[in-house]
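In what follows, chains carry the letters A, B, and so on, assigned in the order in which the sequence lines appear, proteins first and then strands, with residues in each chain numbered from 1.
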Amino acid sequence: MAQAKDSFIEIESAVVRFAGDSGDGMQTVGERFTDSSAFAGNDIATLPDFPAEIRAPAGTLAGVSGFQVQFGSREILTPGDAPDALVAMNPAALKSNLPDLPAGGMLVVNTAAFKKMNLAKADYETNPLEDEDLRKKYHLVEIDFTNMTKEALAESPLKPTDKARCKNFFALGFMYYVYGRPLDTTLKFFQDKWGKRLPDLAEANTLALKAGFNLGDTMESARNRYQIAKAPVDAGVYRKISGNEALVYGLVAASKQAKLELLYAGYPITPASPILEGLSALKHFGVKTIQAEDEIAAMGMALGASFTGKLSVCATSGPGMCLKSEFIGLASITELPLIICNIQRGGPSTGLPTKNEQSDLLQSMFSRNGDSPIPIIAAHSSSDCFDCAIEAARIAITYKTPVILLSDLYIANGAEPWLIPNVSDLPDLEVPFADPNEDYVVYKRDPSTLARDQAIPGQIGLEHRIGGLEKNEEGGVSYDPNNHEEMTRLRGDKVNAIADSLPPSKVFGDVEGGDLLVLGWGGTYGAITSAVRNLRTEGFPVSSLHLRNLNPFPHDLCNILSKFKKVLIPELNMGQLSLLIRSKYLIDVVSYSKVQGQPFKVAELSNKILETIR
Amino acid sequence: MAQAKDSFIEIESAVVRFAGDSGDGMQTVGERFTDSSAFAGNDIATLPDFPAEIRAPAGTLAGVSGFQVQFGSREILTPGDAPDALVAMNPAALKSNLPDLPAGGMLVVNTAAFKKMNLAKADYETNPLEDEDLRKKYHLVEIDFTNMTKEALAESPLKPTDKARCKNFFALGFMYYVYGRPLDTTLKFFQDKWGKRLPDLAEANTLALKAGFNLGDTMESARNRYQIAKAPVDAGVYRKISGNEALVYGLVAASKQAKLELLYAGYPITPASPILEGLSALKHFGVKTIQAEDEIAAMGMALGASFTGKLSVCATSGPGMCLKSEFIGLASITELPLIICNIQRGGPSTGLPTKNEQSDLLQSMFSRNGDSPIPIIAAHSSSDCFDCAIEAARIAITYKTPVILLSDLYIANGAEPWLIPNVSDLPDLEVPFADPNEDYVVYKRDPSTLARDQAIPGQIGLEHRIGGLEKNEEGGVSYDPNNHEEMTRLRGDKVNAIADSLPPSKVFGDVEGGDLLVLGWGGTYGAITSAVRNLRTEGFPVSSLHLRNLNPFPHDLCNILSKFKKVLIPELNMGQLSLLIRSKYLIDVVSYSKVQGQPFKVAELSNKILETIR
Amino acid sequence: MKTAVTGEENALNKKDFVAPNDVRWCPGCGDYAILNAIQRTFPELGVPKEKFVVVSGIGCSSRFPYYMNTYGFHTIHGRAPTVATGVKVANPELSVWMVTGDGDGLSIGGNHLLHLIRRNPDVNVLLFNNRIYGLTKGQYSPTSEVGKKTKSTPVGSVDYPVNPLLFALGSESTFVARTSDTDMKHMVETFKAAHAHKGTSFIEIFQNCVIYNNKTWEPVTGRESKSEQSLFLEEGKPLVFGAERNKGIRVNGFDPEVVTLSENGVSESDLLVHNSKTSNPAYPTLLSQLNYPTFPTPFGVFRQLEGRQTYESAVDQQVAASKSKQGEGDLQALLTGSDSWVVE
Amino acid sequence: MKTAVTGEENALNKKDFVAPNDVRWCPGCGDYAILNAIQRTFPELGVPKEKFVVVSGIGCSSRFPYYMNTYGFHTIHGRAPTVATGVKVANPELSVWMVTGDGDGLSIGGNHLLHLIRRNPDVNVLLFNNRIYGLTKGQYSPTSEVGKKTKSTPVGSVDYPVNPLLFALGSESTFVARTSDTDMKHMVETFKAAHAHKGTSFIEIFQNCVIYNNKTWEPVTGRESKSEQSLFLEEGKPLVFGAERNKGIRVNGFDPEVVTLSENGVSESDLLVHNSKTSNPAYPTLLSQLNYPTFPTPFGVFRQLEGRQTYESAVDQQVAASKSKQGEGDLQALLTGSDSWVVE
Ligand SMILES: Cc1ncc(C[n+]2csc(CCOP(=O)(O)OP(=O)(O)O)c2C)c(N)n1
Ligand SMILES: Cc1ncc(C[n+]2csc(CCOP(=O)(O)OP(=O)(O)O)c2C)c(N)n1
Ligand code: SF4
Ligand code: SF4
Ligand SMILES: [Mg+2]
Ligand SMILES: [Mg+2]
C-alpha cells in the first residue's frame, strides 16, 4: 500500500467525515472542505448531522456534531455510505463515528483530546488509541492538533482560548493536503468573514490552515495523497446550494414570475426555520414575512393574504403540519392558492427532530376531515427545491388550491452544486384575476383547469363572501345534497386535472420496461439513482423512476409500472408511497422501509435490489 | 283502494315524516310517535333532520325541520327511503319535503298555514293546495290544525299563543288514528314533563292529542287505517336509545368494568356536544367532565388524566379532529390509553355541519406526522355505540394506546330500540398497572399484547418521565437509529396485535362465498343489510359484511374477501375504506360513493348491487 | 361595467351594505341590531365600499360577513384574528373588521386575539358577548358566570370567567371599548371611534341571545335598570351615573367605590375623571372591574392609546427601507450569490 | 421492595430529585440555576416525592422534567397547561409543577395558559423568560423587545411584546410573581410561596440564554445594576430600592414615579406600600409596568388573592354533591332508564 510521497493516487470519488464536539466547529470545516472541492470542479454532496441539543455538555456523546461530504469526478448524488477518512476531534466523536468507518479507512485523531476526563465523558474505560486492534484495522493518523495549533499561533495576539479554537482549521489544512485541495477559497472565506472585523482571527486561522497543510508534507504517516479529477458537468455558472436556500430563492423567483407580492408566514421549527430566516432578509424583493404565534396562525395569515391576491406561503415540519390541517381544509373548500412547505423530520410526535425521515406523505394526503384532496409535490434534492417552489406556485395559482411541497431535513440542510438558472428562462406564472367588468360568479370554473375565478378585495363590484360552509356555484351557502356531491367531485376533479399539465415521466434505465423498476420520491433520489446506476453498470436489468408529483400521479405512471415485472419502493417510512401505489394500481409492489433517522446507503439499496430481482 | 272505515289494513312497515318550521315542535312529535310505536312492539328507526341555523326566520325554507320514522313488524334497520305519509305544517315544509313523497303517498297539510305571507316565504307563487295535480298525485288530507286546535282548547286557560303551539300534538293525534297507535305513552309523557310544573299545558296538549285522534274518526278523508303487528324480537327489557346516549352509557359502563374513574374532556361541536352534556349529568357515577377551551386542550386534559391512570375520553367531530392530531401523535408515542370519539358530519372544513357523512376514516388513519398507527373502530348503529364504547375501552386499556371510535351524525341523533344488557354480563376490563414492588421499565412490553407497562403518579418508586421524543426501552431519550426503527415497528406491531383478540367476522349471507360481497362500515349498516336482505329474499346471491375494526382489520377478512367474485364497498365518502382495502388486499373492489349529506337509500343500494352483479 | 360609489356626489347608504342573502339569526337575536348598526356606520366612514373586508370565525355571530355586501371571509372557529392580520398586512389599504363571539374569540381563539391585539394592526374587532355558545345550542362560555347552569353544566359551571376588557388590556390593547346591542346610537359612535383609531380596536358588545341566554344583560342595559346600572364614559368628564345623575365613582387608594353626590360632602371634584389616554393601564384595569351588581357597568371607550405604530405600517416601512438601502431586489444577482464558479 | 421517603425521620434532600439522565443544556445556561433551585425547594415542601409531577411543553426549558427524579411529562409545544390541568383534576393529591418558556407559554400556548390561570387549579407555573427561542436557535419571542435583531428579524422585530405579568393579571390570576435565575435564595422563596398558594401560581423567571440572548437581563439583575434596577417587593413595606435604599415609588393619580427619599421632602410615607392582596388588579397592573430603564424592575409576589376556589376542588365537590344527592350511580338503573318496555 505504501506509495512514494507526494505521488497522488488518482481516485474517482472520496468521502470525508469531520466529527467533533458541537463547539469544535465541525460544520464550518465541513462547509469549507465542500466549497473548496466544488471550486476545484468536483461534484459534491453533503450531510450535516448535529445533535438536538443546542450545546450538549462539551465532550459528551450527546454533543457530537458531524459533517460528511462526498466529492468526485463523476456525478455525486449522495454524501456517501461510509467515510473513506474520518477526522475525530475527541473521544466522543471517535466512539460514535468509528462504527461507520470501514476497515482500512483513514482515521485522523486529535491526540490532545484523549485525556482521562474526555475518555470518561465518552464512556471509554481505556484509551482506544492504545488499542493495537485500532492500528491494525485502520490507517491511524495521530496528531496533536491542539498543541500544534498553539505552536503555529505562537506569535498571534489572540487569547489562548481563541487560539485553541483554531484547531479545526489546522485539521482542515491537513485534510486539504491529503486530498490535494486548493487553499484559496478558504483563505478568501477568512478574509471575507473576519478580514475587516477581526483581522487577527483571520490571520490566525490562515496560519493554522497552512500549518496543517504543511504538516502533511512533513509527516510520514500522511503517506497517501489522493487526486480527484474535475467532474464532467454542463458548462455554466455554478454555486453550492442547500435545500432551504433553494426553496427561498424559488419562492422569490415564483413571486416575480407570477407578478404577485410574496407573503410568508411561519413559526420557527427545525428544520424549516431557515426559510423564515432566509425570506426575512429579502425585504428588498417586496417580500413580507410574519413570525406568527403558531402554525395555525401562520396558515391563517397566509390564507388571508391569499384572499387579497398575494402569493402566500408557509413552511413548517411534521408537528406543525398537524396544526395546519383544519386551515388546509378551509383553503381547499374556499379554493385559494397557497403553498405549504413541509420540511420533514423524524416522527411520530416530536420524534427525532434533528434526524431525517419522509414519513408525512399520508398525512399530506389525508390529514383533513372530509374528502379534501390537494396536490402534493416533493423535491428530490437540494437544488430541486428551487424548481419545486416554482412548480408549487404554478399549481397553486393556476388551479386555485393549497399545495403541499414536501422536502426533508436531509435535503434542507445538505448542499450540492447548482447550475444557476438564467432568470429569463424561468416560466411565466401569471394568471389573471376576475374581471371587474363582468358579473362575478364565485365558483365559475375554467373549463380546462376547473379552477375557480378569484376576485380580490379592493375591486369595485366584485364584493363577495367565502367561507368553510359548502357553497353553490354563485357562492351562496348551500345544504343542497346534489350541490354538495357536485362540489366534492369538482374539487377532486380539479386536483386530478393537474396531471394534464405534467411532462412525461423520465425512467432512468430501460424505458421500454424490464425486470425491476425502483420507484422513489423525495430525498432518496441520490441513493436510489446511485444504486441503480452502479447495478446497471454491472449489467443488471434494473431501472428507476423518481416521482415529483405525488398527488395527482402523472398519467403515464400506470403504463410505466405495467412494463416492469417487479416494482420496488424504498422509503424512509413504513411504506407510505407503497400504500398509495398499491391502492391506485393494484400492483404488488415490494416496499422497502428504513426508519432510522438516516438516509439510505447505496449499498443497502443495491443489496435490496439484488435480493428483489433474485 | 277505498276501504270500509275503521277496518285496518295490515302492513309490514310504514314510514312517516313530520315536517314543519323549526319552532313547530316537529322533533318532539317525531320522538313521541317513535316512543308510542316502540311501546306498541314495533321495531323502529328514526332520522331527525334539522337546519344548521338555530332558529332560521319562521316560515322560510331554511327553517324547515323534519323527523322521519320507520316502524314495522319485521326488523327495521333504516328510517326508510321515502315517507309513506308526510305531515307538512307549512308551505316551506311542503316545498322542501314533497319531492321525497312517492306518488300515492299520504300528504297531510295544515291548511291554516297556507296564507300569502307563508307562501311567499316558501317561494310559492300560487297556493300549491289549489293545484289539481297535487290532489291527483297524492292522497291529500287537508286539515286546519291551527283552528281546530284553537277550538279544542276553547276552555283552556292558556294564552292564545300557547294554545296555538299545541297544534303539533293535534297533528300527532291524527296520525295516531291513521296508524292505530296507542295514546297512553304520550299522555304519560305530558304528565311526566308538565303535570307538576305546568298542569294547564299538560291538559291542553292532552286535549289537542285526543281531538286530533278523534278527528280521524269523523273524517271522510281519513279512510285508510293501518295496522302493524309487533316485531318478533328477542324477549327482554327494551328501551329506545340514540347513538350519543348509547355512547355515554357505554363509557360509564366501561369505567365501571375497568374499575377506573372516567374523565371526559370535550369542546362543544355538532353533533358531539350531547356526549359532553350527557356525561356532565352523571357526576354521581364519579364521572368528571371538563369543557375545555378547545379540542387541543380537551386532548391534553384527557392525556394528563390518562397519565394518572384514569379512563380518559374525548369526543368531537371532523374539524375538532384536525386539532387533535398533534396530541394523538403524542398519545401514540407515549403509549397512553385514550378514547377519542369522532361523531362524523359533512366535510370538508366546516362543510355541512348538520348533515351526515362518513368521510373521516382516512383522517383517522393518517392525520399525524410520522408513522403513527392507532386502532380505529366504528359503530354501525345507535345501540352499537354502547358496545363500541366498551370495545374501545378494552383496546385502549389493554394495549395502552389511543383509540379512535367513529360514529356519525345519523347514528348519534337517530334512535332505535335496544335490548338493555344485564350489567353482570358485561366484560371485565380490568388491567393491572405496574407493580411498585418490581423495578420499573417504562417500555417493558407484555409479550402477547406488546403493551407497555404503565405506572401511575403517586406510587412510590415508580417515578419516570415520558414525552414526545423517541425513547429506548428504559424510557430514556434516544436518537439511536436502530432503536427508533425498532420502536416504530413495535408500535405498529402492537396495533396489529389487536387483531389477535377479535372474534371471527360474521358474513350475512353466503358464508362460503359467492358472487358479491357488500363490504361496509359505520352507519350504513342498516341500509346495506336491508338491501342485501331484500335481494336475498328475491334470490340474488349477494352477501354482506360490516366491519367494526378498521385498524387493524380482522385476520379473517382476507380469506373472506377472496371467496367472493366481486366486492362492492358503498360509502358516504369518496371511497375511503375502498382505498384501504385495495391497498391491503390488492382486490379491485367496486367503490360506490354518495356524498350528499344524506344516508343511503335501500333502493339506491339495491340498484347498485344489481348493477354490480349484472 | 361597474362604477365606483364613493365621494360626495355618490354617497353610500345603508342599503349598499345589505347582502342579498337572507339573514338567518333567530327572530329577536341581538345580532340583528349590531348588523344594523354596522350597516349604518360603514357609509359614514368615507371608505369606498370595495375596501371593506369583514372576517369572522364560527358561531352565530360569525355568520355576520354573509349579511354584509362587502368582501367577506367566514373562516374557522377561533382563527379570524389570523386571517384578519394576513389581509391587513397584505393590503393595508383595506378597512378590516373582525367579528367574533365570546366562545370564538375568548375560548378557542384567545391566543390569536392576544397576538392580534399586541401586534396592533389596524383591525377593528367586534366581540359579540352573549355569555353563551349560541350556534352549538347553549353550552356555557368563557364569559359565563360561575354557577351558571347550561346544557354542559347541569349543576352549574365552576370556571372563573374571563373579563373581555381585562383580557384586552392584558394583551396590550391600544383601544378598548364596550357598547351594547340595545343602544344603536352608542354602537354607531363606538364603531366610528374604533375606525378612527389607528391600531387594533377591541370592542366588547353586550349581545342578547334570546334562545339560550335570554336577558343576560337585562339587569344592566334593560330599560328599567339602564340609568342606575350603566355608566357612560365621557372623555374628561367625571364618572357620574344614575337616573338623577347624582351618583359617581371615587377611588380610595386603588379601590373604587360608589358615592352619592352632595351626600357626606361629596362633590363632582372627588370623582374619578375619565381619561382614556393614560399610558399606564392601571386606570382602565380598575374600570374593567366595575360590574353589576356592585357597580354600574361602564360603556364607552376605556382606553385609547395614541402613537404606537401599527403592525402593517411597520412591515411596510421595513420593506421600503430595505429597498432604499439595498435597491429593488435583483433576482439574477440573488440566485448567483457571491460564491459562484464557472465551468466551461 | 421500595419504601416511602417522607416524614421527619426519612427527610428528602436535593439528591432525591436529581434524575439519572445527563443534563444537556448549554454550559452556562440559566436553566441550571432554576433546576438547582427547584431541587432545593422540593424536599422542603413536605410533599412525598412520589406525589410530584412536572409537566412541560417544548423548548430548552421544557426539557426540565427529564432532569427531575419525579413523575414527569414532556408534552408538545404550548400545550403543557392542558396536560397539567388534566393531571390535577384527575388526581388532586398530586403536586403539579408546569415548566414553560416565553415561546412555549406565551406564543403558541398563550390560550391554554390563559384558561389554566382563570380556572385556577392548584398548579405552579414556571415561565422561563429568556426573551428568545432557544431550542430553535435564536428567533425572537413574544417577550423580545421591539427592534430586536434575531435570525428571523434581521432588521429588527416590529411586534410589540407581551408582558408576562400583565398577561397573567389579564387572565384573572390569583398568584403572580417574578424572580430571577441569578438569585437562588429569592427563587426558592418564591417557589415556596407559590406552593403555599392554593390556586394557579404564575411565576415569571428571568432566565439567561448564554447562546442566543446572552445578558438580556444583565441591566436589571447584573451584579452592578441589581441594587439600582431591581425592586424587591415586601408585603406591607413601602416600595424602596437603591444601593442606599434611598429611592422609592410614588403614584401620582395612576402614574407611578421614582422619587428620592428625603429629597424635596419626600418620605417613606409618600411611597406606595406593597399589598399583594388588593382584590382590584389595578395595583399589580401598575407594578407590572415598572420596567428598565425608566423604573426599577420589581421582583417578588405581585398579587396573591385568597379565597377563590381551585378548579379541581370545585369539580370534586360537584361529584361529591351529586353522589350525596342522587346516591352512588347505579349502572343497571342508568341503562334501563325510565321508559323501557318488556318483550316476552
Ligand atoms: C374546531 C371547532 N370546534 C368547535 C366548533 C363548534 N362551534 C361552532 S360555534 C361554537 C361556539 C359559538 O359560541 P360563540 O363564539 O360565543 O358564538 P355565538 O354562537 O354565541 O354567537 C362552537 C363551539 C367548530 N365549528 N369548530
Ligand atoms: C408545533 C411545534 N411548533 C414548533 C416547534 C419548534 N419549537 C420547539 S421549542 C420552540 C420555542 C422555544 O422557545 P421557548 O419556549 O422560549 O423555550 P426556550 O428554548 O427559549 O427555553 C419552538 C418554536 C415545535 N416543537 N412544535
Ligand atoms: S341562538 Fe342565540 S345568538 Fe344564535 S342566532 Fe339564535 S338568538 Fe342569536
Ligand atoms: S440555547 Fe439558550 S436556553 Fe437553550 S440550553 Fe442553550 S443557553 Fe439555555
Ligand atoms: Mg356566544
Ligand atoms: Mg425562550
Side-chain angles (χ1 to χ4, degrees), chain A residues 51-52 317-319 321-323 325-326 329-330 332-334 344 346-355 357 359-360 362-363 365-373 467-470 479 481-482 484-485 488-489 491-492 573-574 576 578-580 582-584 586-588 594-598, chain B residues 51-52 317-319 321-323 325-326 329-330 332-334 344 346-355 357 359-360 362-363 365-373 467-470 479 481-482 484-485 488-489 491-492 573-574 576 578-580 582-584 586-588 594-598:
Chain A
S317 190
M321 286 304 286
C322 286
L323 292 170
S325 57
E326 192 191 2
L330 182 65
S332 151
I333 200 169
T334 53
Q344 298 164 97
S349 193
T350 310
L352 294 148
T354 58
K355 304 289 170 193
E357 220 164 270
S359 53
D360 299 347
L362 292 173
Q363 182 194 33
M365 286 291 289
F366 302 120
S367 66
R368 283 84 54 198
N369 59 304
D371 288 295
S372 154
L469 291 168
E470 185 64 283
Y479 305 131
N482 294 320
H484 177 48
E485 181 151 303
T488 302
R489 286 193 194 277
R491 284 187 289 265
N573 62 47
M574 294 296 282
Q576 302 197 358
S578 255
L579 187 145
L580 296 177
R582 288 172 68 89
S583 150
K584 174 121 192 183
L586 296 176
I587 292 176
D588 194 5
K594 177 175 179 178
V595 192
Q596 303 181 358
Q598 305 279 356
Chain B
S317 191
M321 286 303 287
C322 287
L323 292 170
S325 57
E326 191 191 3
L330 181 65
S332 151
I333 200 170
T334 53
Q344 299 165 96
S349 193
T350 310
L352 294 148
T354 58
K355 303 288 169 193
E357 221 164 88
S359 52
D360 299 346
L362 292 173
Q363 182 194 30
M365 286 289 292
F366 302 122
S367 66
R368 283 84 54 198
N369 59 304
D371 288 294
S372 155
L469 291 168
E470 186 64 281
Y479 303 131
N482 294 321
H484 177 48
E485 182 150 304
T488 301
R489 287 192 196 278
R491 284 187 289 264
N573 63 46
M574 295 296 281
Q576 302 196 358
S578 254
L579 187 146
L580 296 177
R582 288 172 67 90
S583 148
K584 173 121 196 187
L586 296 175
I587 292 176
D588 193 6
K594 178 175 178 179
V595 192
Q596 302 181 359
Q598 307 278 355

**Request:** Sort out for me which of B:Gln344, B:Arg491, B:Lys584, B:Lys355 touches chain A most, counting heavy-atom pairs under 4.5 Å.
**Result:** B:Arg491

**Prompt:** Quick one: of B:Gly467, B:Pro373, B:Gly351, who has the most non-hydrogen atom pairs under 4.5 Å with chain A?
**Reply:** B:Gly351

**Request:** For the residue pair A:Pro353 and B:Leu469, establish whether any side-chain heavy-atom pair is separated by less than 4.5 Å.
**Result:** yes

**Request:** List the atom of A:Arg582, the atom of B:Ser583, and the distance in Å for their closest heavy-atom pair.
**Result:** NE-O, 2.7 Å

**Item:** Atom pair CD/OG of A:Glu470 and B:Ser349 - distance to nearest 0.5 Å
**Value:** 10.0 Å

**Asked** Can you find a heavy atom in the side chain of A:Pro348 that is under 4.5 Å from one in the side chain of B:Leu330?
**Response** no

**Prompt:** Got a donor-acceptor contact below 3.5 angstrom from the B:Gln363 side chain to the A:Ser367 backbone?
**Reply:** yes

**Message:** Using 0.5 Å steps for rounding, measure from the OG1 atom of B:Thr488 to the CG atom of A:Asn573.
**Reply:** 10.5 Å

**Prompt:** Are any of the side-chain heavy atoms of B:Glu357 and A:His484 separated by less than 4.5 Å?
**Reply:** yes

**Complete:** If one checks every heavy atom of B:Gln598 against chain A at 4.5 Å, the contacting part turns out to be side chain

**Message:** Please report the interatomic distance CZ(B:Arg368) to OG(A:Ser359), rounded to the nearest 0.5 Å.
**Reply:** 12.0 Å

**Request:** Mind checking the CG-OG spacing from A:Asp360 to B:Ser372? Nearest 0.5 Å is all I need.
**Result:** 10.5 Å

**Message:** At a 4.5 Å cut-off on heavy atoms, which part of B:Lys594 comes close to chain A: side chain, backbone, both, or neither?
**Reply:** both

**Request:** Compare every heavy atom of A:Val595 with every heavy atom of B:Glu485, then report the nearest pair and how far apart it is.
**Result:** OE1-N, 2.6 Å

**Item:** Any donor-acceptor N or O pair under 3.5 Å, side chains B:Gln576, A:Asp371
**Value:** yes

**Item:** Leading residue by heavy atom contact count with chain A [cutoff under 4.5 Å; candidates B:Gly597, B:Gly468, B:Ser578]
**Value:** B:Gly468

**Message:** Please evaluate residues A:Met365 and B:Leu362 with respect to the criterion side chain to side chain contact (heavy atoms under 4.5 Å, CB included), reporting the C-alpha separation (whole Å), side-chain torsions for both, the decisive distance (0.1 Å), and the verdict.
**Reply:** CA-CA 9 Å; A:Met365 286 291 289; B:Leu362 292 173; over 6 Å; no

**Prompt:** Say you draw a straight line from CG of A:Leu586 to CD1 of B:Ile587; how long is it, rounded to the nearest 0.5 Å?
**Reply:** 9.0 Å

**Request:** State, with a plain yes or no, whether a side-chain heavy atom of A:Met321 is found less than 4.5 Å away from one of B:Asn369.
**Result:** no

**Message:** Using side-chain heavy atoms (C-beta onward) and a distance below 4.5 Å, is A:Arg489 in contact with B:Met574?
**Reply:** yes

